[in-house]
Amino acid sequence: MALLLPVAAAHAQVQGTNVVSVTSTFSIQPIYDFYASGSGLVATLINASSLQITSSTPFEAISSYRPAYAVATAVVNGSSEVLPVVVNSGRYGSFFSYDLVLPANATSFVLDIEGSVGGNAALWRYVAGIPTVSINGWGGPVFYTLDMQIPSGSSVSGAYDNFGNSFPTSYLRQVATYSPGVTYNVPPNVSTVILEPGLFVPVALGFTIAASAAIVLVAMGLFRMGRVILTKVIIGIKGGVVRVLNRARLPTKAHFPFSVRKLARPKTILVLFLLCAILMISLGVAAGPDPQVKAYVIADPSGVNAIRASLAGAVGSVAVVTPDQDYVDFATMSSVGDFNVVVVSNYPTLALPPVSEFVLPSLGNVPLVIVDNSSDPMFASQINLLYPSQVVHVQNAANLTGAESQEIASDLSSELRTNLLGLHLGETSFKVTLTTEAGLSFVLIFLGWAYLGSLISDSGSQSELAHLGTVIAAGVFVFVFSEIIYVEVSSLLAFPLSLHAVISGAKDITAVGLLGFGGGSTPRLASGFIGLLAGITLAEGRPPLHKEDFALIIAIPILLLANPFFIGNFAFEAVLLFVGNFSIGTAFATSLSLKGFIYGFGEALGGGVTGTYLLSAGKMLYFAGLAPLAYLKRMGRTSMALTILLCAVIVGDGGVRVGEMTPTKTYIAVLPGLAVGFAFLAVFLGLALAEKYIRGLRQ
Amino acid sequence: VNLRLVVGQLADGVIVLYSLVVLASIAPSLRGVDNILLVPYFLLVPGYVLTALLYKSLRKIGRLFYTVIWGVVLVVSVSSLEGISAGYQILPPSIVIPIFTLVIFTYNHFHKLP
């Protein structure tokens, strides 16, 4: 805490009866690295120096950051006393609430909340989310001040609001200096800042100029001697590797019973893909369903453990999922039989509407709904009206009476699914099965996409039109079949393999989450991307990229990212959007436009007309990647390499949505996605024409 | 008389005339007229000229396939672009698509690929 200087003193304290001032100091120690995680310290002082309250008054503060400690003191009848503070997480999404009761006749009070906020270093810049603290339901005026301390040698290169709009950096006013750093006043609408080292601009500028000069020299053919030397070095390394292999007497090609080329045939990979699917289903049949009773508990986070214990007393071991972990995917989770029971108790009324919106329509998927007397009356009456045969009323879900426990146990026992083979797996064994299935789910994606890649390369004697038809048919099959397997396995296990909107940190509600991947989006993207490239490479017998094209495709993004001006910021924002989940700046606005363009196709072709056939831009992206991939043979070397890489990203990213397990979204995404693919194809064919023209000029 | 040449020239004439009719359809005085005659235009003509630009030699089934596909993609692209920004809505599809069609047609006409 040494860096947290009392900068609040620099601001005039607001005086007045029942006025609350909230002063936060956020101290960042940025890390400048290729990729790393960092953190900053936050100290918030909530202060009311002139109180007039005649009776005990509840007070609630909410912070966006996890507290290390929270201490409150009040002056009552002239003497200071410490007030108990109840800290809760989960009541307001990922926020933390601090509840205390101000005693009657308190004349002042102070609440001190200290904690830390995570940040990310990427490409030698540092991205930090700005912490927030707010006061809930206080009758008097509240004034907020937030100061940010950054060490000298760093500067602010970007500031953004909640919607990703950027502000000029001058929007953050420098209010003080401290040794060794600077303090800025941060306006309340700023939610993210980007810091960069002081040397970033001159180094980036120098690098950009040097790299541009090198490209010009290469284009003029002045580096021939360099190429000759490089070729000699590569030949030398290859020779060395061969000598080492020969000495080690490693098995040669002749020792293997099959060749890689034979393995890479589309039919072989298709068989492996189907085999993986059958293996997943067989394992699901043998091991499922989940031996534990699982409850979805809609209650105040402080009471969840008591409800779990009370239920366990009635039905044995119980696993609990709460809205804090995920409620957007309730329909998917419940549709694969994930929950045996839903418990509705004293969930905060203010936080209930979004949860109710997602949960209420799908409660029919759950055999038993327990509603207690502390639940929201409106929500409880809606449940009664819609699902009268499933509802069991209890006095207090956290303290079930004997008769209530008996009724619940009896109702549940008649609804519990049992293993088809009569096998009984313990919780640990079932978790091992789940993690195996999670691993296989990535293998399935890898093989499916590899099959697609090998098929793309293997046009044989087909006409262009027939090849297009084959690629589209295979692409649709691979996606739909993979999604069917995900749904099937999740239903057999009564445990979702993956989900779409798992809240970060909720690691144990999906099978892939048990591997530490949350919803599993990024590894699934990687499986699809690598699978497609592997399929093409194996079928072609060589990588789809030539050295020169590879250098060009790598050099251009590096040059863009190194640019210290607008284009560099745009490229950096795009990287953050894609890999860091930061939706900021012009890149975010551009991505929204692209998304709007894709949705436009969906809406024009009958999607999203009703809630049944909702549109998914991600799923459309997958199908959009198919058409350009079917036309690779029409393209020149460089445009083909670029098309393969971009389409592998598009198809891989779209393939992430297999894990959503929403087949109706898939049906409605196929045709609009293919149409978007033709729009993309026009761009790629334009690039191919440009390449043909440029190469024609050079000859 | 080269029948294929005559049919080709006739088709060219139909494309130009049909495009002009579609352009004229935005006239306020024609607002109440049933637009059923314009449906085949959006379905076939833009896709036909794009197919002629992109594909040198195709069999009839391929030509028909790409004609319909590129027609749909072009029409939907224009409508989708208009959906994402108010700036694009100044020009309705009934203007953008026939003008695009005529531009491509003119290019094809003067740059007949061997």
Side-chain angles (χ1 to χ4, degrees), chain A residues 462-473 588-608 615 617 620-621 623-624 626-628 630-631 633-635 669-689 692-693, chain B residues 35 38-39 41-94 96-97 100-101 103-105 107-108 111-114:
Chain A
Q462 276 184 326
S463 71
E464 194 176 70
L465 190 57
H467 186 54
L468 173 72
T470 308
V471 170
I472 287 176
F588 175 55
T590 309
S591 79
L592 284 185
S593 294
L594 180 65
K595 211 171 178 179
F597 179 68
I598 293 171
Y599 274 133
F601 273 74
E603 282 161 13
L605 296 174
L615 286 170
M620 277 193 268
L621 257 189
F623 298 108
L626 298 176
Y631 283 85
K633 299 276 188 262
R634 255 182 176 252
M635 297 176 188
V670 175
L671 282 177
L674 293 174
V676 174
F678 274 88
F680 288 173
L681 174 64
V683 176
F684 288 124
L685 287 179
L687 278 176
L689 273 175
K692 197 176 170 186
Y693 178 73
Chain B
N35 280 339
L38 305 189
V39 172
Y41 177 84
F42 288 110
L43 197 65
L44 297 171
V45 178
Y48 178 81
V49 294
L50 255 180
T51 304
L53 173 75
L54 293 172
Y55 305 91
K56 287 178 196 169
S57 56
L58 272 179
R59 284 196 286 180
K60 277 178 189 154
I61 185 76
R63 190 173 294 275
L64 181 64
F65 177 84
Y66 285 116
T67 293
V68 176
I69 278 281
W70 282 116
V72 170
V73 170
L74 187 63
V75 170
V76 175
S77 296
V78 171
S79 102
S80 186
L81 280 174
E82 289 190 342
I84 59 172
S85 170
Y88 295 121
Q89 290 167 9
I90 300 165
L91 295 172
S94 300
V96 176
I97 290 171
F100 178 81
T101 305
V103 169
I104 299 288
F105 172 79
Y107 180 87
N108 281 350
H111 296 82
K112 288 272 187 207
L113 295 168

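Every chain is numbered from 1, with letters handed out A, B, ... down the list of sequences.
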Proximity breakdown for [X] and chain B, heavy-atom pairs closer than 4.5 Å:
| X | answer |
| --- | --- |
| A:Leu468 | side chain |
| A:Leu689 | neither |
| A:Phe680 | neither |
| A:Ala466 | neither |

Q) Got a sec, which residues hit side-chain hydrogen bond (donor to acceptor under 3.5 Å, both in side chains) with B:Arg63, two or more places apart in sequence or on another chain? A)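 Residues passing side-chain hydrogen bond (donor to acceptor under 3.5 Å, both in side chains) with B:Arg63: none at all.
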**Q.** Minimal non-hydrogen separation, B:Ser80 against A:Gly600, with atom names
**A.**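 In this case the closest contact between B:Ser80 and A:Gly600 is OG-CA, 3.2 Å.
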Q) In Å, rounded to the nearest 0.5 Å, how long is the span from OH of A:Tyr631 to CG of B:Leu54? A)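 So the OH of A:Tyr631 and the CG of B:Leu54 are separated by 9.0 Å.
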**Q.** chain A contact residues among residues 68-77 of chain B, heavy-atom distance under 4.5 Å
**A.**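 So far as heavy atoms go, B:Ile69, B:Trp70, B:Val72, B:Val73, B:Val76, B:Ser77 are the residues that approach chain A to under 4.5 Å.
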(Q) Take a 6.0 Å sphere around CZ of A:Phe678 and say whether it holds more than 12 heavy atoms from other residues, nucleotides or ligands. (A)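 Count over threshold, so yes.
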